[in-house]
Amino acid sequence: AIMRNREIQSKHLVRARGEVQFPIKVGEEAYYRQGDRLIWTDKVKRILEIAADYVRLETTAYYYIIEKERTEASALSLAA
């Protein structure tokens, strides 16, 4: 268990904003859209959580939290 904790602490957390492109498959790179750019992660080891407004992944080298970009439309619907 001690080794596992050390391994978790050694991985950096990457927080990003963007639209995750599904499906996400373990063993393959995930990617997400930021405006008109596509950004790839390294190979996905585990899908930790898929929520309405973010996705949490563990890849070979990193932990990712990719949050949906708040668009004007979704901000307006929240205010209504």
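All figures in this text were calculated on a predicted structure; none of them were measured in a lab.
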Fill in the blank from the handout: Shortest non-hydrogen pair, Gln21 vs Leu38, comes out as CG-CD2, 4.4 Å
Exercise for the section: Before giving the answer on salt bridge (charged side-chain N to carboxylate O under 4.0 Å, His left out), spell out for Glu28 and Lys43 the whole-Å C-alpha distance, their side-chain angles and the decisive distance to 0.1 Å. Expected result: CA-CA 5 Å; Glu28 295 182 11; Lys43 284 194 168 79; over 6 Å; no
Problem - Tyr31 with Ile39, same ILVMFWY side-chain cluster at under 4.5 Å - result: no
Exercise for the section: For the pair Arg17 (side chain) and Lys68 (backbone), establish whether a donor and an acceptor sit closer than 3.5 Å, ignoring hydrogens and angles. Expected result: yes
Practice task
Without swapping roles, check the side chain of Thr60 against the backbone of Asp42 for a donor-acceptor pair under 3.5 Å.
Solution key: no
Problem - Presence of salt bridge, Glu19 and Arg33, under 4.0 angstrom - result: no
Problem - Lys11 to Tyr62, cation-pi by 6.0 Å centre distance and 45° axis angle - result: no
Problem - Residue pair Val20 / Tyr32: nearest heavy atoms and the distance that separates them - result: CA-CB, 3.8 Å
Practice task
Report the distance from atom CZ of Arg56 to atom CD1 of Ile66, rounding to the nearest 0.5 Å.
Solution key: 12.0 Å
Handout entry: Pair Glu58, Tyr64: side-chain N/O donor-acceptor within cut-off below 3.5 Å
Key = no
Problem - Shared hydrophobic cluster for Trp40 and Ile24 (ILVMFWY, side-chain gaps under 4.5 Å) - result: no
Problem - Leu48 side chain reached by Leu57 side chain, heavy atoms, under 4.5 Å - result: no
Practice task
Decide yes or no on side chain to side chain contact (heavy atoms under 4.5 Å, CB included) for Phe22 and Val55, but give the supporting numbers first.
Solution key: CA-CA 11 Å; Phe22 293 100; Val55 171; 4.0 Å; yes
